[in-house]
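Values reported hereafter were calculated over all heavy atoms of this structure, with side chains retained and with hydrogens, waters and symmetry mates removed. Being a predicted model, the structure only gives us computed values, none of them experimental.
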Amino acid sequence: MKKGVVILSSLILGLVFCLPAVAQPSTRAVETIVIDNFDTDKEWTWAVQASRFIADGYPIVKKFEGIPNSLTPYHKDDEPTAMVLGTKAKFDRKGDNWFEVYPKKDDKNYEIPFVGTVTQIDFWVWGANYNYRLEVLVRDADGRVHTLKCGNLMFNGWRNVVVNVPGYIRQHSRLRTGRTDMTFIGFRVRTDANEAVDDYVIYFDQLKYTTNTLANIYDGYGLRNADFGDSDNSSGAAKKNEPAAVDAQ
């Protein structure tokens with residue numbers, strides 16, 4: 001009897017493993033999305049603001065022709081001229097000085113919405129070997145600003161910086177109204193209290209991020225914005241991310 005059970009079990013297992021594999025729908029679609037490579041005009045421009053001891057006429061933000069050497073093989077001859085975003089700052093005294101580089105749209109501060117669930121923010125930065133610190137500012141789906149530390153800028157020339165987005169940052173709202181996703185606010189550079197502050201420049205290029213674009217998509221997602229015809233209260237009238245001022249800290 002036991003022998004018959006063993007044989008029957010073996011036949012069942014054999015049938016299971018012989019069944020054709022069925023493809024399962026994927027819940028991951030990892031992509032790299034470029035926010036700005038500064039080569040062409042976007043729907044936004046870039047601006048800069050600074051703390052109280054900034055010298056008259058500063059800070060300055062401007063595009064320049066250039067590209068990190070590591071990116072040169074990827075830039076084709078038929079593409080627009082390679083450009084980078086530069087900022088120059090001078091302060092009247094040493095201390096806890098800072099300046100922020102951020103996007104603007106229609107003369108208002110603009111926060112760039114991220115797509116999907118972001119795991120990393122990736123960009124190139126040109127350091128002038130000053131003892132300054134770089135930060136990325138993001139606003140979560142609940143409206144709170146988070147500071148992502150990107151390390152010290154005490155190096156010369158171009159360096160690729162990759163900063164991880166912590167899992168505790170809420171990137172998607174559970175509600176249909178108000179803010180919906182995490183947004184990019186801008187860069188912040190902080191000076192060391194003992195470092196020179198009378199002549200500083202920094203450049204940025206190839207700002208992008210890695211994201212799972214399907215992370216917040218579910219069966220029936222499109223019904224979130226169905227129009228019930230009740231004007232401002234309609235789910236179809238739910239506001240998207242709106243420009244918000246950079247928090248001066």
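Put simply, the side chain of Thr180 never gets that close to the backbone of Ser173: no donor and acceptor are under 3.5 Å apart. Glu135 places no side-chain N or O within 3.5 Å of a backbone atom of Thr147 that could act as its donor or acceptor partner. Side chain of Asp39 to main chain of Met83: a donor-acceptor pair is present (N/O by atom type, distance under 3.5 Å, no hydrogens or angles). His75 places no side-chain N or O within donor-acceptor distance of the main-chain N or O of Thr81, the cut-off being under 3.5 Å. Looking at Tyr130, its side chain does come within 3.5 Å of a backbone N or O of Asp199 through a donor-acceptor pair.
When Trp124, Phe38, Trp126, Phe123 are each tested for a ring pair (Phe, Tyr, Trp, His ring centres under 6.0 Å) with Tyr203, only one passes: Trp126. Under the salt bridge (Lys or Arg N to Asp or Glu O under 4.0 Å) rule, Arg170 has a single partner from Asp140, Asp142, Asp181, which is Asp142. With Tyr132 as the fixed residue, the side chain to side chain contact (heavy atoms under 4.5 Å, CB included) test singles out one of Leu153, Asn97, Ile202, Asn152: Leu153. Tested against Tyr209, the residues Thr119, Thr32, Ile112, Val118 include a single side chain to side chain contact (heavy atoms under 4.5 Å, CB included) partner, Val118.
The hydrophobic side chain of Val34 is isolated, with no ILVMFWY side chain under 4.5 Å apart from it. Side-chain contacts under 4.5 Å among hydrophobic residues (ILVMFWY), followed directly or transitively, place Phe53 with no other residue at all.
Every residue meeting the ring-ring contact (aromatic ring centres under 6.0 Å, His included) condition with Phe184, not counting sequence neighbours, appears here in chain and number order: Phe187.
Taking the ring centroids of Phe204 and Trp46, they lie at or beyond the 6.0 Å cut-off.
Environment of CG in Asp41: sparse, with no more than 12 heavy atoms of neighbouring residues, nucleotides or ligands closer than 6.0 Å.
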